[in-house]
Protein chains: 2
Amino acid sequence: MIRLSRLSDYGIVILTRLAREPGRAMAASTLARATAVSTAMTGKILKLLARADILVSQRGVRGGYALARPPEAITVAEIIEALDGPIALTSCADPGTHDCGIEALCPARDGWRRINRAIRDALAGITLAEMAQAVPGDLVPTFATPPRAAAPEPAAAASIGAR
Amino acid sequence: MIRLSRLSDYGIVILTRLAREPGRAMAASTLARATAVSTAMTGKILKLLARADILVSQRGVRGGYALARPPEAITVAEIIEALDGPIALTSCADPGTHDCGIEALCPARDGWRRINRAIRDALAGITLAEMAQAVPGDLVPTFATPPRAAAPEPAAAASIGAR
DNA sequence: GGAAATAGAACCGGTTCGGTTCTCTTTCAA
DNA sequence: TTGAAAGAGAACCGAACCGGTTCTATTTCC
């Protein structure tokens, strides 16, 4: 299974929440509450996203985070790269790093390059706006009928793709 | 970084070697020598590929492995799925597994589904034949001038994408 | 019947990752 | 002016996963 890290997973959730009110800035604690991602985790993710210029941050008492651009101008590829690093199945296709040992002869390099590009294009073709559309209510509802536990664990409730 | 597992990495290398002589069967030990993947690892990978009907195996003294189909009919997606399981960034898009907790409301599910499909299509569009084309000599040459160590470690020499 | 090969499962150590905690800096308002 | 609230950044830790090995059973040919 080629899987996405939790960081990106949660990141999409949080950004999706922000995209519902693109102009508004929200504090990390507020976003954590709204998405049921732990506050510490939320903070970590928001910092990374701000560093990547996907979010703008305001420090101080009335501080918070807001989208740096409209949701239509933020791609999933960007988000993943900000949180997980460059998108590539194999690093040999990434120019600059050369520790493969058979670089010059590697017969599959062209193939991998094509694959990496195809995947990157696929992720760059989806915008945050598309991910956020058709949001019914709050992202993590206060379960009227809890799905399994009596009190839903806030730290584990918000994953988009559980495994 | 969304990365490929070593299993798939080595698997492609081994299959690429087999694809050079599609009709011929080769023993695991022979393939291990030709690709510089450890014999144990090679065996493990070959077993998985045989179980997935990508290879056919012949047991016994003169046994070995051969491609079950022509290289043009084997896709990278197949190979990765055989070695690493289903290709999906998030399992929530995979029908059958439902432990997300917010299934019904998850706003991003359609988006993820699109992304997973795009990635799968990208990998399904590359065949083993394409990966194997333009192979100059043997996959792992006996280095005339060793790249870094005096005696190249056989266990680590064959990775397509070193990291 | 023995050697050579695949089949299959169990096992183990190390790396990475998810998550937390701590300290520092900035900002605003009382 | 000072303290509380918020973000910035780094360090740290436990646990799960993964790469890799080893062991045993089974098949096949000479």
Side-chain angles (χ1 to χ4, degrees), chain A residues 1-11 13-14 25-33 35-53 55-66 68 80 83-85 91 153-163, chain B residues 1-11 13-14 25-33 35-53 55-66 68 80 83-85 91 153-163:
Chain A
M1 155 96 84
I2 302 176
R3 76 180 192 292
L4 199 66
S5 80
R6 289 250 170 118
L7 232 55
S8 293
D9 186 345
Y10 295 162
V13 174
I14 292 169
M26 300 177 75
S29 59
T30 309
L31 280 168
R33 236 176 296 118
T35 58
V37 177
S38 84
T39 57
M41 203 78 255
T42 304
K44 188 181 194 172
I45 291 166
L46 290 170
K47 286 168 201 169
L48 286 169
L49 293 173
R51 214 180 296 176
D53 292 323
L55 297 178
V56 288
S57 65
Q58 174 62 38
R59 297 173 76 158
V61 179
R62 315 267 334 149
Y65 294 89
I80 294 177
L83 295 173
D84 280 344
S91 60
E153 290 294 331
S159 170
I160 283 180
R163 41 186 87 83
Chain B
M1 157 96 83
I2 302 174
R3 74 181 192 292
L4 200 66
S5 79
R6 289 249 168 119
L7 231 56
S8 293
D9 186 345
Y10 295 161
V13 173
I14 292 169
M26 301 178 75
S29 57
T30 309
L31 281 167
R33 235 177 297 117
T35 58
V37 176
S38 85
T39 57
M41 202 81 255
T42 304
K44 188 180 194 172
I45 289 165
L46 290 169
K47 287 167 200 167
L48 286 169
L49 292 173
R51 214 179 295 174
D53 292 322
L55 297 178
V56 288
S57 65
Q58 174 62 39
R59 297 173 75 155
V61 179
R62 315 268 332 149
Y65 294 90
I80 293 177
L83 296 173
D84 280 345
S91 61
E153 289 295 333
S159 169
I160 284 181
R163 43 187 84 85

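Chain A is the first sequence line, chain B the second, and so forth, proteins listed ahead of strands; every chain is numbered from 1. FYI, side chains are in, hydrogens and waters are out, and symmetry mates aren't considered; it's all heavy atoms of this structure.
Every residue was checked against the side-chain hydrogen bond (donor to acceptor under 3.5 Å, both in side chains) condition with A:S57, not counting sequence neighbours, and none meets it.
Closest approach of B:S8 to B:I80, counting heavy atoms only: OG-CA, 3.8 Å. The two residues A:D53 and A:A68 come nearest to each other via the heavy atoms O-CB, 3.4 Å. Counting all heavy atoms, side chain and backbone alike, A:G11 lies closest to A:I45 at CA-CG2, 3.8 Å. The heavy-atom pair separating A:L7 from A:L48 by the smallest distance is CD2-CD1, 3.9 Å.
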- Message: Does B:M26 form a side chain to side chain contact (heavy atoms under 4.5 Å, CB included) with B:Y65? I'd like the steps, not just the answer.
- Response: CA-CA 5 Å; B:M26 301 178 75; B:Y65 294 90; over 6 Å; no
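What separates CG of B:L48 from P of D:dG20 is a distance of 14 Å, to the nearest Å. In this structure, the CG atom of B:L46 is 13 Å from the P atom of C:dG8, given to the nearest Å. Atom-to-atom, NZ of B:K47 to P of D:dG20 comes out at 15 Å; the value is rounded to the nearest Å. Rounded to an integer number of Å, the gap from CG of A:D9 to C1' of C:dC17 is 14 Å. Following rounding to the nearest Å, B:I14 (CD1) and C:dT6 (P) show an atom-to-atom distance of 12 Å. The interatomic distance linking B:L31 (CG) with C:dA5 (C1') rounds to 13 Å, in whole Å. Put simply, CZ on A:R33 is 13 Å from P on D:dA5, counting in whole angstrom units. Rounded to a whole Å, the OH atom of B:Y65 is 9 Å from the C1' atom of C:dA5.
Residue A:Q58 has its side chain nearest to C:dT27 when only D:dG19, C:dG19, C:dT27 are considered. Of all nucleotides listed (C:dT21, D:dA4, D:dT21), D:dA4 comes nearest to the side chain of A:V61.
Nearest-nucleotide positions on DNA chain D place A:G63 closer to the 5' end than the other of B:A40 and A:G63. Residue A:L7 is the one, among A:G60 and A:L7, whose nearest nucleotide of DNA chain C lies closer to the 5' end (criterion: closest heavy atom).
The side chain of B:R62 contributes no N or O atom lying less than 4.0 Å from OP1 or OP2 of C:dA4. Dashed line: the shortest gap from a side-chain N or O of B:S57 to OP1 or OP2 of C:dA7 is under 4.0 Å. Between A:S29 and D:dA5 there is no side-chain polar atom (N or O) within less than 4.0 angstrom of OP1 or OP2. For C:dG19, one of the phosphate oxygens OP1 or OP2 lies less than 4.0 angstrom from a side-chain nitrogen or oxygen of A:Y10.
Between the CG atom in A:L49 and the CG atom in A:L55 there is a gap of 5.0 Å [rounded to 0.5 Å]. Note that CG of A:L83 and CZ of A:R6 are 14.5 Å apart. Values are rounded to the nearest 0.5 Å.
Applying the 3.5 Å distance criterion, the base of C:dT27 shares no donor-acceptor pair with the side chain of A:R59.
Among the heavy atoms of the strands, none lies under 4.0 Å from B:A50. Contact annotation for B:G64: backbone-only contact, meaning every heavy-atom pair under 4.0 Å involves sugar-phosphate atoms and none involves a base.
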Please tabulate the protein-to-nucleotide N/O contacts below 3.5 Å involving nucleotides 14-16 of chain D, giving atom names and distances.
none

